[in-house]
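Being a predicted model, the structure only gives us computed values, none of them experimental. Every chain is numbered from 1 and lettered A, B, ... according to where its sequence line falls, protein lines coming before strand lines.
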Amino acid sequence: MNSKERVLKVLRNEEPDRVPLMYRDVPEVRSRLKNDLNLSTDEELFQYLDVDFRWVGPDYVGPKMELENGNRRDFWGVEWKYTKFSDGAGYWNEVDHPLKDVTDPKVLDEIQWPQLEWWDFSKIEEQCDRYADYAIMTNPGIPSPAIFQNPIQPLIGVERSLMEAYLNPEFFMALTEKILEFQVPFIEKMMQAANGKIDFFRIGDDFGTQQGLLMDVDTWKGFIQPGFKAMADTAKKYGAHYYQHSCGAIRDLIPAFIETGVEVLDPVQVKANGMIPAELKAEFGNQVCFSGGVDEQELLPHGTPDEVRTGVHQLLDDMARGGGFIIGPSHNFQDDIPTENILAMYEAAKTWKY
Amino acid sequence: MNDKLSTLAACIEFGKINKAAPYPPQMKGQDGADEITKQLLDEGVAPGDILSDALIKGMEKVGEKFSKNQIFVPQMLMSAKAMQFAMNHLKPFFATGEADRRGTFVVGTVEGDLHDIGKNIVAMMVEGNGYEVIDLGVDVKAEQFVAEIEKNPNCFIGLSALLTTTMANMEKIVSEIKGKYPEQNICIGGAPVTQDFCDKIGADSYNPDPQGVVKFLNSVAVAS
């Protein structure tokens, strides 16, 4: 049984030979793991860990993003600055919100939105063929688009984006429409170029805090759901399964996700309020496949390798029987997670039996 | 009690910012926190009464509903915004000492971390409950907190972090502050923070939601 078959089998709620393995990280972890394990390429790392997924997408060939001050301007026009939070690691934060003072939907017609020509789609099928034995997912970034977390939040600011659907709903809808006018054709072109060989189209947005939802379910259905459905339905025409990401305590949103057509829900942030693996499995296990679940708030950064192994086995006991579960970290592996814990997580998952 | 004070409390509770704001739908076209606060001051109602009988009352309801997941971050932000519009009218009176605050809360996201939405919500809620808030922003180092304590010896400190990777800096800041000022009250919070971590680093209070911070401050402020 190859990786692709293994993953597609759990999606059909069947049990394969072992639980499928997902992988996500921050760049600092990727380099460290390769260094610690004496491996030179990403592919060698994924093979070493027996990761069942591979990622594909078009290459960006548009206007230069690097600015002279060392910052980057992305294709939405948002400038980002790299900030270190420790000696070896950091992340990008937006410097400004270019549409923060724009409230008139008409102004959106005058803005330079990203163009399909800024990406080269010609090598996607070749990438899919190279990884034909693996479950193929859209790359992080624009191939796995969002609406709310990106670009609305960087464009108008987090706080305004949270209030906009209530205080200026016309603008929120107009902005969403502009984003979709680019994203839906982008997805169409990417899927066409892959010639039906992409297994998972991922939407990477966020609607949960540690305690609850970022907005009420009705608002989500009114303002977010139609755009997600338009994007996912486009990908589904080409045979891709719809893989949805949302961090946080999103249990109350799961029925709405299922209604939108979500087939896999990631990352099961188990320390968030109400995200209890056994309960999620009992309540939704017949309707959606879960992916993720290995706690990154306590277990992976602060646990011992033995604790990680026990935690992984407990999670699999709760979630994996009968299929419908892919194991992976509950966020990108962060730089505070020891290498031995990452290795313990994958070893434990591979030795667990259905 | 003045009916307008109850209306103002409702504006805060439901996030009715001003007359122009379309939210909440059931208050559309009516005066909001902005207009009503000004009217109350024009009628001669004492700023301290407006704060305690309308704004704090409204904000307490917001905090309770938020901690029960009955409302969400957007509603809380709109309530906080309504509060800010009201406070803009009241601030001149506080500056002249005509109305007392319950205390001073110095808050910031810790060194290395630039996430501020949670910290901002806590700051708004605390201000809405009658405290002066000094917001040091994001990426705040221990010495900046220490400098504020020197200026405001009785202040409460609030530290926020979103990342497991920056929680370590929280520990460092608590230890530097407590090394100099062992009695200073420090609250910590943020997604990965727990009561165990709070106990371990010797902070005084961990709360999973902003209402918990307010309750803690109120308990200490009353005691002192």
Parallel, tilted or perpendicular, judged at 30° and 60°: which one describes the rings of A:Y166 and B:Y23? perpendicular
Exceeds 12 heavy-atom contacts within 6.0 angstrom, atom NZ of B:K141: yes
Check the pair A:E159, B:M124 against side chain to side chain contact (heavy atoms under 4.5 Å, CB included), reporting the backbone distance first and the verdict last. CA-CA 12 Å; A:E159 282 171 28; B:M124 291 169 195; 3.6 Å; yes
Is atom NZ of A:K34 surrounded by more than 12 heavy atoms (other residues, nucleotides or ligands) closer than 6.0 Å? yes
Checking heavy atoms, do the side chain of A:Q210, its backbone, both or neither come under 4.5 Å from chain B? side chain
So for B:Q75, is it side chain, backbone, both, or neither that comes closer than 4.5 Å to the heavy atoms of chain A? side chain
Between the OG1 atom in B:T194 and the NZ atom in A:K271, the distance rounded to the nearest 0.5 Å is 8.5 Å
Out of curiosity, B:K81 NZ to A:R160 CZ, how far, rounded to the nearest 0.5 Å? 8.5 Å
Can you tell me which of B:G118, B:G112, B:P24 forms the most heavy-atom pairs within a distance under 4.5 Å of chain A? B:G112
Select, from A:Q334, A:M215, A:E296, the one with the greatest count of heavy-atom pairs under 4.5 Å involving chain B. A:M215
Identify the heavy atoms of A:Q297 and B:P192 that sit nearest to each other, and give their distance. NE2-CA, 3.3 Å
Counting only heavy atoms not in B:K61 (residues, nucleotides, ligands), do more than 12 fall under 6.0 Å from its NZ? no
Under 4.5 Å from any heavy atom of chain A - which part of B:N169: side chain
Checking A:T209 against chain B: side chain, backbone, both or neither under 4.5 Å from a heavy atom? side chain
Is chain B contacted by the side chain of A:E164, its backbone, both, or neither, given a heavy-atom distance below 4.5 Å? neither
Can you name the one residue among A:L167, A:V158, A:L162 that meets side-chain contact (heavy atoms from CB on, under 4.5 Å) with B:L77? A:L162
Among B:T166, B:D196, B:D209, B:N120, residue most engaged with chain A (heavy-atom pairs, under 4.5 Å): B:N120
Can you pull out the residues in residues 62-74 of chain B with any heavy atom less than 4.5 Å from chain A? B:N69, B:F72, B:V73, B:P74
How long is the span from the CG atom in B:L114 to the CG atom in A:N93, to the nearest 0.5 Å? 4.5 Å
Do B:D113 and A:Y91 come close enough that some side-chain heavy atom pair is under 4.5 Å? yes
Looking at residues at least two apart in the chain, or sitting in another chain, which of them share a ring pair (Phe, Tyr, Trp, His ring centres under 6.0 Å) with A:F207? A:F148, A:W220, A:F228
Of the listed B:I117, B:V110, B:D116, the one with the largest count of heavy-atom pairs under 4.5 Å with chain A is B:I117
Hey, could you give me the CG/OG1 distance between A:L300 and B:T164, rounded to the nearest 0.5 Å? 10.0 Å
Checking B:I121 against chain A: side chain, backbone, both or neither under 4.5 Å from a heavy atom? neither
Segment of A:D216 engaging chain B (4.5 angstrom heavy-atom cut-off): both
Select one option (side chain, backbone, both, neither) describing which atoms of A:D252 are under 4.5 Å from chain B's heavy atoms. neither
